[in-house]
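Scroll down for the structure; my scribbles are underneath it.
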Amino acid sequence: MPNRPHNMAATDLTKAGLFISFEGIDGSGKSTQARLLAEALRGLGHSVLLTREPGGSPGAEDIRRLVLEGDPDRWSPETEILLFTAARRDHLEKTIRPAIARGEVVITDRFADSTRMYQGIRRGTGADLRAMVDDLHSRMIGVEPDLTILIDIDAETGHSRAIARAGSELRFEDMGTAMQARMRDGFLALAAAHPRFAVIDGAGDPAAIAADVLAAAMAKLA
Ligand code: TYD
């Protein structure tokens, strides 16, 4: 152990735990980047838990199937907010909090900002859905990531990538580029308002993007 000061430092740092989320519109490449960051941090000696939403715990994965498969109009906007928040609560209780308590770096592919955008701004129902999302979040979740990495990409690129790889989970990929563009603007506005965000250009080469992502994470770990 004394001859491995670098790894010891990493171990000390991870004892505090760190919570990182990835956000972005469909097709932004955030899932690939989340995986690359997990691999890079593991290579540096950190214990990393890579997880995703909706899902990340057995109960939340059950809710994922309810909400992402089947008839898109199955749930009202309000019910959808409840389902995503219920999934997040289970994910937080069963997966995220225990890992942070063990001193791990938790990397989640999406967290509450996705609900703020996808459920909060998407439909003109007349109800203030964004206020509902925020209210429910403060009552039921109550935590934000230490670092949120927003992989920013233009709506056309994101949409064509998402359509190209879409499987049975077409629920939100189907939205079209106008909605994707609104969502992108919404994410950028959130990022401008909250210092926990790092905005990374998602247009270039995946390896170069991964280097930017790692730099943002290391700044938080330091
Ligand atoms: P995800 O598996 O991350 O798909 P992608 O890799 O395409 O981003 O998420 C699935 C879908 O769920 C995605 O279209 C966004 C949507 N979603 C919400 O609408 N609200 C939420 O709170 C979350 C976490 C995801």
Side-chain angles (χ1 to χ4, degrees), residues 19-38 50-57 59-92 95-96 106-123 125 129-130 132-138 140-141 143-145 148-153 155-184 186-187 190 200 202 206 209:
F19 183 26
I20 302 175
S21 66
F22 277 76
E23 298 283 359
I25 60 173
D26 294 308
S28 59
K30 66 180 172 41
S31 305
T32 302
Q33 291 300 328
R35 183 174 49 74
L36 292 174
L37 178 64
L50 178 60
T51 183
R52 68 159 181 187
E53 291 202 353
S57 62
E61 290 289 335
D62 285 345
I63 297 173
R64 177 185 181 100
R65 280 185 285 280
L66 288 175
V67 84
L68 292 185
E69 295 176 17
D71 180 1
D73 295 324
R74 181 173 181 192
W75 310 110
S76 74
E78 289 81 0
T79 308
E80 204 173 278
I81 290 169
L82 289 165
L83 287 169
F84 278 110
T85 308
R88 181 159 307 121
R89 173 79 197 203
D90 196 62
H91 186 208
L92 191 62
T95 303
I96 297 174
V106 174
I107 299 175
T108 182
D109 183 351
R110 297 195 182 282
F111 193 65
D113 298 317
S114 282
T115 315
R116 294 187 172 104
M117 291 300 103
Y118 284 78
Q119 281 64 51
I121 70 173
R122 8 191 331 249
R123 298 190 217 182
T125 61
L129 297 175
R130 177 56 196 281
M132 265 179 224
V133 170
D134 285 334
D135 184 34
L136 206 53
H137 178 82
S138 65
M140 289 294 155
I141 309 297
V143 295
E144 300 294 349
T148 297
I149 295 186
L150 174 61
I151 305 292
D152 180 50
I153 192 126
E156 285 74 23
T157 310
H159 189 63
S160 54
R161 284 190 198 163
I163 292 299
R165 59 101 207 265
S168 59
E169 293 181 345
L170 262 178
R171 180 82 175 71
F172 294 98
E173 273 89 352
D174 246 2
M175 289 184 309
T177 49
M179 188 57 79
Q180 292 272 53
R182 274 186 65 198
M183 204 92 68
R184 180 198 192 188
F187 273 125
L190 263 184
I200 309 264
I209 298 166

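As the structure lists them, so they are numbered: ligands from 1, and atoms in each ligand from 1. Each residue takes its place number in the sequence, starting with 1.
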Using a 4.0 Å cutoff against the non-hydrogen atoms of P54, which atoms of ligand 1 qualify? 23 (C), 24 (C), 25 (C)

Check side chain to side chain contact (heavy atoms under 4.5 Å, CB included) between T32 and all other residues, then give those that pass, not counting sequence neighbours. R35, L36

Suppose I only count heavy atoms of F84 and a 4.0 Å limit; which atoms of ligand 1 are within that range? 17 (N), 18 (C), 19 (O), 20 (N), 21 (C), 22 (O), 23 (C), 25 (C)

State the OG1-CD1 distance between T115 and I81, to the nearest 0.5 angstrom. 8.5 Å

Charged N-O contact under 4.0 Å between R88 and D113: no

Please could you name the atoms of ligand 1 that K30 approaches to less than 4.0 Å, counting only its heavy atoms? 3 (O), 5 (P), 6 (O), 8 (O)

Evaluate E23 against M117 for side-chain contact (heavy atoms from CB on, under 4.5 Å), listing each step before the verdict. CA-CA 10 Å; E23 298 283 359; M117 291 300 103; over 6 Å; no

Of all the atoms in ligand 1, which lie at a distance below 4.0 Å from a heavy atom belonging to T115? 21 (C), 22 (O)

Considering only heavy atoms of L68, which atoms of ligand 1 have at least one such atom less than 4.0 Å away? 10 (C), 11 (C), 12 (O)

Is S31 touching ligand 1 with its side chain, its backbone, both, or neither, if touching means heavy atoms under 4.0 Å apart? side chain

Going by the order shown, which atoms of ligand 1 are within less than 4.0 Å of some heavy atom of R64? 2 (O)

Between E69 and R74 (salt bridge meaning N to carboxylate O under 4.0 Å), is one present in this structure? no

